[in-house]
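In what follows, a structure is listed as structure tokens, so that the remarks can point back to it.
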Amino acid sequence: MHIHWTTQAPRQRGSTLLVSLGVLTAITIGATVAMQQSTTQVRMVTSMNVEKQTFAASYSHLSRAVKNLGNSGGTLLTDLITRQNANIEAQINDGVEESDLQYNSEYINAYSDFGWQTPDVDLLTGVAATTVLITYPSDQIAQTDTSTPNLKNTEGSSGSASSAYPFVLTATTASSSGNISSTQQVGIKRIGASAQ
């Protein structure tokens, strides 16, 4: 009688174990990659949402500031022109060269300086703070308006000449995390009597 010993059974068990471990490793890697992609997508969606909120907040503040300026009668802007021109004159008196003059150094903080009511942005939970600054870019003053004189535009001016005075409103909103911000600008022009 001839007995044949075989060692196949332990090898098969060992190969089954290796295949099972390989499949489990592949499943684990696939699950890890899927979780990382999901986390990345959630972060992207959250960032897009906060970005839209900061944009909406800065737009709301800018729109309200323009409306408030329209209702203010123009005295705020006249004061800003006076302060900016005085600042430039002081620089000239201090011997600053014309090419080194600092423009836009004077500004109005639209809401904090005058107590204007701010837009309601409480539902924008990703927004921390918004500032709205009004500047008078005196280095870009428009030419004298050559249109037909209008008594309303030229009040106080015996020469009946009117000038266009440009202003820039800049709204900047920061997110709660400080990683995202939105800055929007709008230019406005006030027509008034030419400076004497």
Flag, side chain of [X] to backbone of [Y], donor-acceptor distance under 3.5 Å:
X    : Y    : value
T173 : S58  : yes
Q53  : T125 : yes
Q184 : F55  : yes
S63  : S60  : no

Could you tell me which non-hydrogen atom of T54 sits nearest to which non-hydrogen atom of S181, and how far apart they are?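 The answer is OG1-C, 4.4 Å.
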Problem set entry | Closest approach of T130 to A57 (non-hydrogen atoms, all atoms of both residues) |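 Taking T130 first and A57 second, the nearest heavy atoms are OG1-CB, 4.0 Å.
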| said: Determine whether V186 and V66 satisfy the following criterion, side chain to side chain contact (heavy atoms under 4.5 Å, CB included), listing intermediate values before the conclusion. | reply: CA-CA 9 Å; V186 65; V66 170; 4.0 Å; yes
ask   = With no hydrogens and no angle check, do the side chains of Q91 and N87 hold a donor and an acceptor under 3.5 Å apart?
value =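 There is such a pair (donor and acceptor under 3.5 Å, judged by atom type) between the side chains of Q91 and N87.
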Tell me whether L24 at atom CG has more than 12 heavy atoms from other residues, nucleotides or ligands lying less than 6.0 Å away.
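Yes - once you tally the heavy atoms of other residues, nucleotides and ligands closer than 6.0 Å, there are more than 12.
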Let me see the working for L169 and L69 under side chain to side chain contact (heavy atoms under 4.5 Å, CB included), right down to the final yes or no.
-> CA-CA 10 Å; L169 282 74; L69 273 177; 3.8 Å; yes
Does T172 form a side chain to side chain contact (heavy atoms under 4.5 Å, CB included) with T170? I'd like the steps, not just the answer. CA-CA 7 Å; T172 304; T170 305; 4.1 Å; yes
- Please step through side chain to side chain contact (heavy atoms under 4.5 Å, CB included) for the pair I134 and L80, ending with a clear verdict. CA-CA 9 Å; I134 305 169; L80 180 58; 4.0 Å; yes
